[in-house]
Amino acid sequence: MYSNEKYLLELLQESGLLVERDIKGVAASKKPGESVLETLIKTGIVSDEQVAQTVAVNSGMEYIELQGFAPPPSLKGLVPVEVAIRYKVAPIGTNGTALQIVVADPYDFETLDALPHVLQPEIEFFCSTPSLIKLLQSNIYGNDAVGGSKIKGVGMEAAGDEDAPVIKLVTNMLTEAFKNKASDIHVEPMEKDIRIRYRMDGVMVDIEHHPKRLLAAIIGRIKIMTGTMQLDEKRVPQDGRIQMNYNDKEIDMRVSIIPTSNGESVVMRVLDKSSLRLGLSDLGFLSDDQASFENLISLPDGIILVTGPTGSGKTTTLYACLNFINRSDRKIITVEDPVEYELAGINQVMVKEDVGMTFAAALRAMLRQAPNIIMLGEIRDLETASIAIQASLTGHLVFSTLHTNDAPSAVARLADIGIKPFLIATAVRAIEAQRLVRKLCGDCKTVSSLSDRELRSLGLDAAQAADATIMGPAGCGKCRQLGFRGRMSLVEIFKIDDEVRTMINQQLTTPQLRKRARELGMRTMREDGIRKVLSGLTSADEVIEATMSDSH
């Protein structure tokens, strides 16, 4: 009820409202789980008004009589309902630039320190009784809201009707990011203002700037929405998650906050669950590559690797593979760090290294669950790679990722980890490498041509380009005048056949493997990109930049 009951009981004795006999008598007879002060008030030995007035006098706060106070409708927009409930406070008005808040416990310093960060820097605090504050909350927000039926944790559901400027600002920032298919939201404190940027199709876009004085309120609002972050902790990084609904769509965001020299900086990664339903064609696989890859991922055993740098869409490709092969007669288990999307019908295990649930430990345990198909988020070390190899050799189909520049390089990477060549040759069925490029906006792309520089970079002649559908970016409202909307993969698929297995056993170099793979029909990412340029799906500059390391 009160944060420092012992001190408060001493104050009540000093003021003459209690004697030692009252306290000892109640302490001996009170119900389990009930505090001494609660019992004293319940039995009428002291009133809650007397307690509140004593607290107010000794803390320097003004006691306010709320009995009969009629709150105007405007109060509802001053403090979000979830903040009022969480901190047991209520708004009573404004005084110039200061927000006036009534609290029950002036000695709850955590609340007094947190509210200026959550709401606004200037707050004038008043004191009243807990029961009258709760009644005021009901009058402002409604009985259902205070009772909890309108609040689903700490999130958008409770704040949707609020009018507070910061709440509207944060809500708009999140929903606009989702509408524009941004993958990340960056809230960055600069020296004199706050910069809001979205990462859209892999490119950072400056969206808006806000006064620096709003930083504490914006960060506080985001922390509240996670429901797990410490509002008054600004010295160390914090991680959390926000879940919200927008137009009947569920949005999930991973939140990272770090302290910087200019204040706390936030990055929110938007996890759009609609991507879970994507097929390989949606990711950018052309029909022949799609058919080839679908045949490979339908094999009964072996390892299928997806490679590429961070942010190249490897996890999304793995999810698309699992969606394609997910049937009721198959048991599929994944090990991920973290589990970003929940997949229907699939058992997902999250790595928790602090309790010993490493990739290797989870993989060993899941093999005892008799799965048909395993997805391992990433092969990171020899132990994990060895278990994955053994699983594939004992009849399991294993999907995983590696960080390599191209598909043939994955062989050398596994060897560097410590896997013997004959095991690589035996277990690995195929390696798919990919990069992401932006797609031309379908609403505004325009007929274009390739410059001499672009022709040389792509290894094309003018005749090849003349017979193609070359398109270029223009810019419209739907793509925010960027000329691009959405991304697609450039892929190369390295099939491990008998001849390649022999080469791996002979420990041929990566350039030798790559040369032979191309002779056997492997199309490189650069060549896949050229096809997509000639089909009018993306621009030459996008492909050239994404495949700079491609050799010819």
Side-chain angles (χ1 to χ4, degrees), residues 1-31 33-72 74-75 78-79 81 83-141 146 216 220 231-232:
M1 185 177 183
Y2 286 94
S3 56
N4 196 337
E5 184 175 285
K6 183 179 178 181
Y7 176 63
L8 185 50
L9 290 172
E10 292 175 357
L11 288 179
L12 292 171
Q13 288 183 76
E14 291 175 4
S15 62
L17 294 171
L18 288 177
V19 295
E20 184 70 22
R21 183 176 62 254
D22 295 327
I23 297 173
K24 288 183 177 180
V26 165
S29 61
K30 69 181 182 68
K31 296 179 180 178
E34 191 172 70
S35 72
V36 170
L37 189 55
E38 286 175 319
T39 307
L40 287 167
I41 293 172
K42 189 178 291 184
T43 56
I45 296 174
V46 66
S47 70
D48 54 357
E49 288 86 357
Q50 290 173 317
V51 174
Q53 289 168 358
T54 301
V55 169
V57 169
N58 284 274
S59 66
M61 277 189 194
E62 180 182 341
Y63 176 81
I64 184 168
E65 178 55 65
L66 294 177
Q67 196 73 42
F69 176 72
S74 59
L75 289 185
L78 297 178
V79 176
V81 61
V83 175
I85 303 303
R86 178 172 180 173
Y87 292 102
K88 300 176 183 177
V89 302
I92 56 174
T94 57
N95 179 18
T97 59
L99 174 63
Q100 295 175 316
I101 298 289
V102 59
V103 301
D105 187 358
Y107 300 111
D108 182 0
F109 298 116
E110 182 178 346
T111 291
L112 300 186
D113 290 342
L115 286 176
H117 302 299
V118 175
L119 298 171
Q120 65 179 58
E122 294 186 52
I123 296 181
E124 185 178 2
F125 289 103
F126 294 83
C127 182
S128 192
T129 70
S131 58
L132 289 176
I133 290 175
K134 191 168 185 179
L135 178 63
L136 179 57
Q137 289 175 343
S138 298
N139 291 337
I140 294 173
Y141 304 106
V146 174
L231 291 164
D232 53 348

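Values below: all heavy atoms of this structure, side chains included; hydrogens, waters and symmetry mates excluded.
Residue V51 is tested with T129, L9, L40, V46 for a side-chain contact (heavy atoms from CB on, under 4.5 Å); the sole match is V46. For the side-chain contact (heavy atoms from CB on, under 4.5 Å) test with F126, the passing option among V89, V103, I92 is I92; the others fail.
For the pair I85 and Y141, the minimum side-chain heavy-atom distance is 4.5 Å or more. Here the side chains of L112 and M61 are in contact, with some heavy-atom distance below 4.5 Å. T39 places none of its side-chain heavy atoms less than 4.5 Å from the side chain of I45. Under the 4.5 Å side-chain criterion, counting only non-hydrogen atoms from C-beta, T111 is not in contact with D105. Looking at L11 and V57, their side chains never come closer than 4.5 Å, going by heavy atoms from C-beta outward. The side-chain heavy atoms of L132 and V102, taken from C-beta on, include no pair separated by under 4.5 Å.
Across every non-hydrogen atom of S128 and Y63, the tightest pair is CA-CE1, 3.9 Å. The nearest pair of heavy atoms linking A104 to P130 is CB-CG, 3.8 Å. Nearest heavy atoms, P71 versus N139: CG-CB, 3.8 Å. For C127 against V55, the heavy-atom pair with the smallest separation is SG-CG1, 4.4 Å. Residues P91 and L78 share a closest heavy-atom pair of CB-CB, 4.1 Å.
For the atom pair OG1 (T97) and CG (N95), the distance works out to 8.0 Å, reported to the nearest 0.5 Å. To the nearest 0.5 Å, atom CG of residue L37 and atom NZ of residue K42 are 12.0 Å apart. To the nearest 0.5 Å, atoms CG (L75) and CD1 (I140) are separated by 5.0 Å.
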_Checking I64 against F69 for the side chain to side chain contact (heavy atoms under 4.5 Å, CB included) test, could you report, in this order, the C-alpha distance in whole Å, the side-chain angles of both residues, the deciding distance, and whether it holds?_
CA-CA 10 Å; I64 184 168; F69 176 72; 5.9 Å; no

*Apply the test side chain to side chain contact (heavy atoms under 4.5 Å, CB included) to residues I133 and K88: give CA-CA distance (whole Å), side-chain angles for both, the deciding distance (0.1 Å), then the verdict.*
CA-CA 7 Å; I133 290 175; K88 300 176 183 177; 5.6 Å; no

*Please lay out, stage by stage, how Q120 and T94 fare under the test side chain to side chain contact (heavy atoms under 4.5 Å, CB included).*
CA-CA 12 Å; Q120 65 179 58; T94 57; over 6 Å; no

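For the 3.5 Å distance criterion, the side chains of D48 and S131 qualify, holding a donor opposite an acceptor.
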Check: residues 17-25 side-chain donor-acceptor pairs under 3.5 Å, at least two apart:
{"residue": "D22", "atom": "OD2", "partner": "V19", "partner atom": "N", "Å": "3.2"}

